[in-house]
Structures are given as C-alpha cells and as structure tokens.
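The structure under discussion appears below in the form of structure tokens.
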Number of protein chains: 2
Amino acid sequence: MDFKDIDRLAAIVSHRDIDPGQVIFEEGETAEYAYNISRGEVRLYKLLPDGRRQITGFLGEGDFLGLVSDSTYAYGAEAMTPVELCSMRLTNLERLLADIPPVREKLLDMSRDELAAAQEQMLLLGRKTAREQLLSFLLHRLDQAESDAPESKLHLPMSRTDIADYLGLTIETVSRTFTALRDEGLIELPDTHTVVLPELEAVREAAGAF
Amino acid sequence: MDFKDIDRLAAIVSHRDIDPGQVIFEEGETAEYAYNISRGEVRLYKLLPDGRRQITGFLGEGDFLGLVSDSTYAYGAEAMTPVELCSMRLTNLERLLADIPPVREKLLDMSRDELAAAQEQMLLLGRKTAREQLLSFLLHRLDQAESDAPESKLHLPMSRTDIADYLGLTIETVSRTFTALRDEGLIELPDTHTVVLPELEAVREAAGAF
DNA sequence: CGAGCTGTTGACATTGCTCAAATTTCGTGG
DNA sequence: CCACGAAATTTGAGCAATGTCAACAGCTCG
C-alpha cells in the first residue's frame, strides 16, 4: 500500500467508543459500517428466538469486525470491555478495496483463517467433552496471547456466562469443570479471571490435540 | 471473464474420478490441488486423535473444494457417491486468480458465505437439541435442493453415521429422533434415504427458526 | 452496611450415549 | 429371481455427562 492509498483510507475512517456490555451491532441489522478494533475485547454471537445464545468468537485489538458482502450482519457484536473502534462506511471501503489488490488478498486470507477457526470450533462443539472443550479454549487463548504474556499465565476478560455460551455449555458446568481441573492440578486459578497452565504438555494431551 | 481467461483456465484443469467412500484428500496433507465438483456428493470432516469425527459440511455439484491459502488442507474430504472432479493445481490457480479480479471477488464472497454457514452450524451444535438439529438439517437440505425437487420431498445421500457426525450426535440418537418425528407426523420416511416434510411451517417452528 | 452481581456448590432431572440385540436393506452369487 | 451374508438401521435398557433449580459465598458499588 503506498502513501496515496493510506491517505484515501484515512479519509474515510472515524472513531467510536463503546462501553462494556454495549451492542456494537445486531444480527440481521443492515450493515453500514465495518470496524477495526483499536482497543478492548468484543464478543460475536448468534441468538435463537427463545434467547439461547451461541458466542461464535472473541475479538481483540487489531481484529476486523463486520466485513460482510451482503447487506446485513450475520451475527451480533458486543463490547466486553471498554472498546475503541476505527469505523469505516462499507460503501466507501468496498470502493477502496476494489482498487488495492494487496488489501483484497489480505481480506481473502483473513476470511479463510476465520473459516478454519470456525471448523475447529465445530469439532470442539460437536465432539469434545466439557473438559476437553475448556482445555482447548484455554490453549487457544494462550496461543493468541503468547506474544506478550511471558509464561503460561492467562487473563480471561470474559465472564463464565460468555465462556459457557462459547463452548455450548452452562455456567455451572464451566464452573465445575474449572474446579475439577484445579483439583487435578492441571490448572491454577489465582482469581476468577486468571488461569495458569503449569503443565502445558499434559493440558495439550487432555484437550484432544490442538 | 472473457474468452482468453476461459482458455487459460481450461489449460490448467484436468479430470478425476473418485469411488464412493474414497478419500479425496486428508486433513494436514500438503495442498496441491483445488477441485470443482462436476458430479456427486462429498463430505468434509475433521478428526480427533482417538477417531471421533466431526463432519463440517456436505458439498455437491458445482461446489469448490480445497481452496486454501496456506500449504495444507484444513480438513479431509471423502466421496459419498461416485464423484467426478475438475481439478486444478493450486499454484496455477493462484497465478490465474491474481489476474482476474472478478474471480477473486467471487472467491471472497464464497468464503464469506461459507463462514456464515459455519457460524450457523456453531449455533446448531452448541445450542440446539437433537430434535431441533435434525429438523434444521432437513430444512437446510431442502433449501439447497429446492431448485429441482418440486414439493417437500428430500433425498439424503448420506448415511445415518454421516448425519450423526455432522450434528454431533450418535447414530442411535439420529435414528430415534427420526422415528419420533415420524410418529409425531412432522415428517414421513418412505425409505431410509428419503424424507418428506408435509408441514413446513410446523417444522420451521420446531427447528428454532431457520 | 446492604443490594446486587458473579461465581461456586449441591441435589436432582434429563438428554443423549453406550452396549446389546433385533430387524431391515442391499450387494452378490447361484 | 431368490438366497445369503454383511452392513446399515432401528429398538431396547441402563447409564453417564451435562442441564436445571436452588442455596450460598465473595466482591463491588453506592
């Protein structure tokens, strides 16, 4: 991307702050903006008519949000922490993308990565036990964080409810499984939102590969 | 796409026949070819080390297969029926795609559609009951088939085992749920691989929206 | 200090799984 | 076309993992 392109991009972005728990957009809503997360953590989810929720992913700093081709969002998005978004009108963005091939390449790659992650999650939801699911989840978070976190210490910004809705479980099962893993010595729980994995090898084994 | 492009495309495709049950490629294998399905039905799946299987999708005539960006396939693929494939070397294909913008656009759209389908499947796997899953599955198949099948009659080329591995259930649960739905009058089962949905409205209701 | 979350734990219910057997379907050879 | 064996499907009985409902504990914020 050269300077001219960067200028064009800068011209169409603006800023948006979201409080924790606030909806960024809802499933089915007409898609007007796409976002890049400057700061904070976001959950994506789908709902059934009776309120059952499946969280389809967690996003963090640097991730893109709402890049859809048809006119509505396929899922809802909510801030889990204070979030700063860099927002772009989809119409402007599409026009821009059409002109900058490397960006389109990147977009396709990102989309394929997301798809691979979604398929991994299907395997988790369809075929793993609660214990394997939770361990896989922790390993996955650890992989993503690995850059800044030095050892196997992990911060979980989301609530037990969010974890449950991500793994297709209830909060009680998540809580019990955390306790069981702690009692086995596979994990440590210094506080509710912090997990330490002292035996990575054993955890990988017990998660059913990952 | 103009004639020149079509010629270039024709120059790099070749043909491959696969027998039912044969592996087309395996997860983790180095990705050499991408395919388009000329005829037949294919299942995509991921495996756990102990053999548990999650089918991530069923593909049919016209669908693309193995379009990956990194060097290995993210899932395995097997023929469910006799399959005819139109195969292309990924290296050639990538070079070609780089030159034909509309094809790339199409590819990105397809990838996004697949992602939306994957998220819908996560909702199904994580939050729906066996009954809702099976009904959702039937409605989904019906939607896809809708073009040629006149009424609500549906052919299921896959085995009960495949359906179970797609829905994250066991074959026994699939079988029992089929029977229960038949006894309730929500579906008819003229034979094992044929389902009739005489009350589409009621089915949609019972599937938890779709 | 009390109200209201969030998370944990307990007792029990239920869905879906496991193991086993009966039944049907289907391919193959006579 | 029929018979036979193998495979797929269905059905049954009991069980285990996970869900439901309820009580309790810990923390945060006014």
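Lettering of chains follows the sequences in order, A, B, ..., and the numbering in each one begins at 1.
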Between [N] ([atom2]) and [X] ([atom1]): distance, integer Å:
X        : N      : atom1 : atom2 : value
B:Ile171 : C:dT18 : CD1   : P     : 11 Å
B:Leu167 : C:dC17 : CG    : P     : 10 Å
B:Asp183 : D:dT10 : CG    : C1'   : 12 Å
B:Leu181 : D:dT11 : CG    : P     : 13 Å
A:Arg52  : D:dT18 : CZ    : P     : 18 Å
B:Asp50  : C:dT18 : CG    : P     : 11 Å
B:Arg182 : D:dT9  : CZ    : C1'   : 12 Å
B:Asp165 : D:dT9  : CG    : P     : 12 Å

Open item on the list: I'd like to know if A:Glu61 and A:Arg39 make a salt bridge, using a cut-off of under 4.0 Å between side-chain N and carboxylate O.
Closed with: no
Note to self: I'd like to know if A:Arg176 pairs up with A:Asp183 as an ion pair, taking the criterion as any Lys NZ or Arg NE/NH1/NH2 lying under 4.0 Å from an Asp or Glu carboxylate oxygen.
What the structure shows: no
**OP:** Using heavy atoms to find the nearest nucleotide of DNA chain C for A:Arg127 and A:Val174 separately, return the residue whose nucleotide is more 5′.
**Re:**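 On the 5' side of the pair lies A:Val174.
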Nucleotide nearest [X] (side chain, heavy atoms from C-beta), chosen from [options]:
X        : options               : answer
A:Leu169 : D:dT9, D:dG19, C:dG16 : D:dG19
A:Ala130 : D:dT18, D:dT9, C:dG16 : D:dT18
A:Glu172 : D:dT10, D:dT20, C:dG7 : D:dT20

Output yes when at least one side-chain N/O atom of [X] is less than 4.0 Å from OP1 or OP2 of [N], else no.
X        : N      : result
A:Thr192 : D:dG26 : no
A:Thr179 : C:dT9  : yes
B:Thr170 : C:dG16 : no
A:His193 : C:dG7  : yes
A:Thr173 : D:dT18 : no

Of B:Arg204, B:Lys128, B:Gln121, the one forming a side chain to side chain donor-acceptor pair (under 3.5 Å) with B:Ser136 is B:Lys128
key: Residue pair B:Phe58 / B:Val42, side-chain heavy-atom distance below 4.5 Å   =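 In short, these two side chains do not touch, never coming nearer than 4.5 Å.
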(Q) Ignoring hydrogens and geometry beyond distance, is the side chain of A:Arg176 in donor-acceptor contact with the base of D:dT20 at under 3.5 Å? (A) yes
| request: Using the closest heavy atom to pick a nucleotide of DNA chain D for each, name whichever of A:Gln133 or B:Ser159 lands nearer the 5' end. | output: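 That would be B:Ser159.
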Between B:Tyr166 and B:Leu125 the two heavy atoms that sit nearest each other are O-CD2, 3.8 Å
